[in-house]
Peer 1: 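Below: one structure in structure tokens.
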Amino acid sequence: MEWFRLSEKPSISSSTYCAVLQLCGELKSLQDGKEVHSVISCNDVQINGILGTRLVFMYVSCGELSQGRLVFDQVVNEKVFLWNLMINEYAKVEDFAECVYLFQKMLNAGIAADSYTFSCILKCFAASGCSDLSLGRSVHSFGIKLHFNKETKFCNILLDMYSKCGDLAAASRVFEKTSERSVVSWTSMIQAYSRSGLLHDAIRLFHEMTSSGTKPDIFTLSAVLHACASSGSLESGKSVHNYITGQGLESNLFVCNALMDMYAKCGSMEDASLVFSQMPVKDIISWNTIIAGYGMHGFGKEAIRAFEEMRRDGIKPDGVSFISVLYACSHSGLVNEGWRFFNIMQKECKIEPSLEHYACMVDLLSRSGKLQMAYEFIKGMPIKPDATIWGALLCGCRIHHDVKLAERVAEHVFELEPENARYYVLLANIYAEAEKWEEVKELRVKIGRRGLKKHPGCSWIEVKGKVHVFVAKDGSHPEVRKIEALLRKVREGMKKEGFSPKLRYALMNGDDLEKEMALCGHSEKLAMGFGILNLPPGKTVRVMKNLRVCRDCHEMAKFMSKTTGREIILRDSNFFHHFKDGSCSCRGFW
DNA sequence: ATAGGGTTAG
């Protein structure tokens, strides 16, 4: 710039301006860039396509998209590169409409799009997760006409676009047709299965990939570990871990973070903390993952200890760290500690609490029975509470059987999210547990009228590498008779020791025997029974469930852990229960 | 001269 300022302006050639602008763009110095632009204007230098491109590049690199667009509109541009530059910028800020507009304008101007143009526009489709896929499809077929489907990169971005827009079948077709699959193709397809909830297909594809000779990289490993984590397949996760060690990637930061998360979500905090302790370098995500892991398992004290250790290590907690530690407090009933962190966050760390933080606090208060205080807390929030905030209080009302307050809270929830079946089901359960059958019926009608669907309860367990799925009241599993016989025996044993079935959780109107039968059909009981019958003696029974665990099942699990001498680890939609010697790690806070 | 996939909380 010094040299530029001193030089005789009229003698500077266009290509020199280009070089200087290029530099300004790369250094992101808008001030200098603007100065060069004004010199160009003052000296009446003609802004041709080449110089215009540099100007646009300089502005967009400095984050001045609208300035860049002004220049773009002024210059005559016949080069595809400049159009790509512009389209890519709009794709980055997810301005879907502008991307499409420029794309069409470009075609009208007779400029031939290249594969990069397509990748920019498809990236924008993917980012917006567009519900209407017809545009994406037409861009796809247009790309085929130009034979871009021979290019692996083009296919990969297409695959990703379909996957992010929720069309798994189309994504899979693209994958099948990709002739030269790269590691990115495989990773994207694994991710596509994972996104659609087909976690075991994701894991299967990973094994297919390794046997096909394509070597997974850290992106692939993170993706497959995430699939293991979501499905809770500890055995699959361990086999991936073995692969990682074999490749010498066991010290990689990303891989370790994903590994820890996998172990935590598969119910093994021992393995998670082992990975954590052996990491040579830890970042904030590593710490947040371990804190959240302890929280999920009801190890509140350990979560707090990790949080303090992180601060001693000189890592500044971020918003997620506080969500994790508050969540841990709430699942361990540590109300005072929770308040303390909520204050530290604001006063010491200067972090403005977000909706998630408020949700944690409402959860903390209402879970521990301070329902009225939680209500006042919501009323005093400086930002507008959303459905999850009121939903947390509604959950608390269920735990503490407060029907009156639940009705008031539900009004807020239904107003904010009228289409979410979860909340209607939650209120219906509160009514059912209070035996208010008329109200239950009314709500069921309401759910039906709105065309909403309740997710059926479903549990699964891994035995010898195979996943066995149980759905409530579903007798299709070949061993269901044997399981039921076992459960009946357990129930008799419980009754002898004075544990009566928690009939209010049968959620149905009927006589006691009917209720007891309904409770016995719960999917988590079936899965636990199957595990006890089929796993070698002494081996921990690990069961996953898609919804919250039922209270009666919780009692039975405690009892079974005592009579069989086994540990039972049960993962529900947001928490782990460790049953051992007749008690549970959650100590009632869930 | 430009490019594609991944890890935490809810």
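Residue numbering restarts at 1 for every chain, and letters A, B, ... go by the order of the sequence lines. For the numbers below, each heavy atom of this structure counts, side chains included, while hydrogens, waters and symmetry mates do not.
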Peer 1: Taking the side chain as every heavy atom from C-beta outward, state whether Asp261(A) and Leu225(A) have any atom pair closer than 4.5 Å.
Peer 2: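 Not in contact.
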Peer 1: Given atom CD1 of Ile351(A) and atom C1' of dA9(B), what is their separation to the nearest angstrom?
Peer 2: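 Between C1' of dA9(B) and CD1 of Ile351(A): 13 Å.
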Peer 1: Among dA9(B), dG5(B), dT7(B), which nucleotide sits nearest the side chain of Thr187(A)?
Peer 2: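 Selected nucleotide: dG5(B).
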Peer 1: For Asp217(A) and dG5(B), give me the distance from atom CG to atom P, rounded to whole Å.
Peer 2: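 Computing the Asp217(A):CG to dG5(B):P distance gives 12 Å.
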Peer 1: Looking at every heavy atom in both Ala202(A) and Ser194(A), which two are closest together, and how far apart are they?
Peer 2: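 Distance-wise, the nearest heavy atoms are CB-N, 4.1 Å.
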Peer 1: Taking any heavy-atom pair under 4.0 Å as a contact, classify Ser321(A): base, sugar-phosphate, or nothing.
Peer 2: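 The residue Ser321(A) makes no contact with any strand.
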Peer 1: Base, sugar-phosphate, or nothing: which does Ser286(A) touch, judged by heavy atoms less than 4.0 Å apart?
Peer 2: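 The residue Ser286(A) makes no contact with any strand.
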Peer 1: Could you give the CE-to-P distance, from Met345(A) to dA9(B), as a whole number of Å?
Peer 2: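 One finds 17 Å between P of dA9(B) and CE of Met345(A), rounded.
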Peer 1: Strictly below 4.0 Å, heavy-atom distances to any atom of DNA chain B: list the hits from residues 247-271 of chain A, or just say none.
Peer 2: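 Only Phe254(A), Asn257(A), Asp261(A), Lys265(A) qualify.
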Peer 1: What is the nucleic acid contact for Thr388(A), judged by heavy atoms within less than 4.0 Å: base, sugar-phosphate only, or nothing?
Peer 2: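 Result for Thr388(A) = nothing.
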Peer 1: Backbone N or O of Tyr17(A) within a donor-acceptor pair of the Arg54(A) side chain at under 3.5 Å?
Peer 2: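 Pair absent, no side-chain N/O of Arg54(A) close to backbone of Tyr17(A).
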Peer 1: Measure the distance from CG on Leu393(A) to P on dG10(B) and round it to the nearest whole Å.
Peer 2: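 So the CG-P distance, Leu393(A) to dG10(B), works out to 19 Å.
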Peer 1: Please work out if Ala359(A) contacts a base, only the sugar-phosphate, or nothing of the nucleic acid, heavy-atom cut-off 4.0 Å.
Peer 2: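 Nothing: the residue Ala359(A), judged by heavy atoms under 4.0 Å, touches no strand.
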Peer 1: Set out, in order, the CA-CA distance, both residues' side-chain angles and the distance that settles side chain to side chain contact (heavy atoms under 4.5 Å, CB included) for His412(A) and Ile378(A), then state yes or no.
Peer 2: CA-CA 11 Å; His412(A) 291 285; Ile378(A) 297 177; over 6 Å; no
Peer 1: Backbone N or O of Ile315(A) within a donor-acceptor pair of the Asp313(A) side chain at under 3.5 Å?
Peer 2: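 Not a single qualifying donor-acceptor pair exists.
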Peer 1: For the side chain of Ile285(A), starting at C-beta, report the closest nucleotide among dG10(B), dG6(B), dT8(B).
Peer 2: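 Of dG10(B), dG6(B), dT8(B), dT8(B) is nearest to the side chain of Ile285(A).
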Peer 1: Is there a side-chain contact between Leu221(A) and Asn252(A), using heavy atoms and a 4.5 Å cut-off?
Peer 2: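 Counting from C-beta outward, Leu221(A) and Asn252(A) never come under 4.5 Å.
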Peer 1: Rounded to the Å, how far apart are Ile284(A) CD1 and dA9(B) C1'?
Peer 2: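 Spelled out: CD1 on Ile284(A) to C1' on dA9(B) is 12 Å.
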Peer 1: Output the rounded distance in Å from CG (Leu355(A)) to P (dA9(B)).
Peer 2: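 Taking atom P of dA9(B) as the reference, CG of Leu355(A) is at 18 Å.
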Peer 1: Going by centres under 5.5 angstrom and planes under 30 degrees, do the aromatic ring of Phe219(A) and the base ring of dG5(B) stack?
Peer 2: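 Stack criterion met.
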Peer 1: Is the closest basic N to carboxylate O distance between Glu176(A) and Arg181(A) below 4.0 Å?
Peer 2: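 Salt bridge flag = yes for Arg181(A) with Glu176(A).
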Peer 1: Within this structure, what is the CG-to-P distance between Leu326(A) and dA9(B), rounded to whole angstrom?
Peer 2: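 Value for this atom pair: 15 Å.
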Peer 1: Are any of His226(A)'s side-chain N or O atoms less than 4.0 Å away from OP1 or OP2 of dT8(B)?
Peer 2: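 Yes.
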Peer 1: Salt-bridge test for Glu208(A) and Arg204(A): reply yes if a basic N is under 4.0 Å from a carboxylate O, no otherwise.
Peer 2: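 Salt bridge between Glu208(A) and Arg204(A), a charged N being under 4.0 Å from a carboxylate O: yes.
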Peer 1: Please enumerate all protein N or O atoms sitting under 3.5 Å from an N or O of nucleotides 1-3 of chain B, with distances to 0.1 Å.
Peer 2:
none

Peer 1: Do the two ring centres, one from Phe142(A) and one from Phe118(A), sit under 6.0 Å apart?
Peer 2: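 Yes.
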Peer 1: What is the distance from atom CD of Glu308(A) to atom CE of Met310(A), rounded to the nearest 0.5 Å?
Peer 2: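 Separation between the atoms: 9.0 Å.
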Peer 1: Can you measure Met209(A) atom CE to dG5(B) atom P for me and round it to whole angstrom units?
Peer 2: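 Result: 15 Å.
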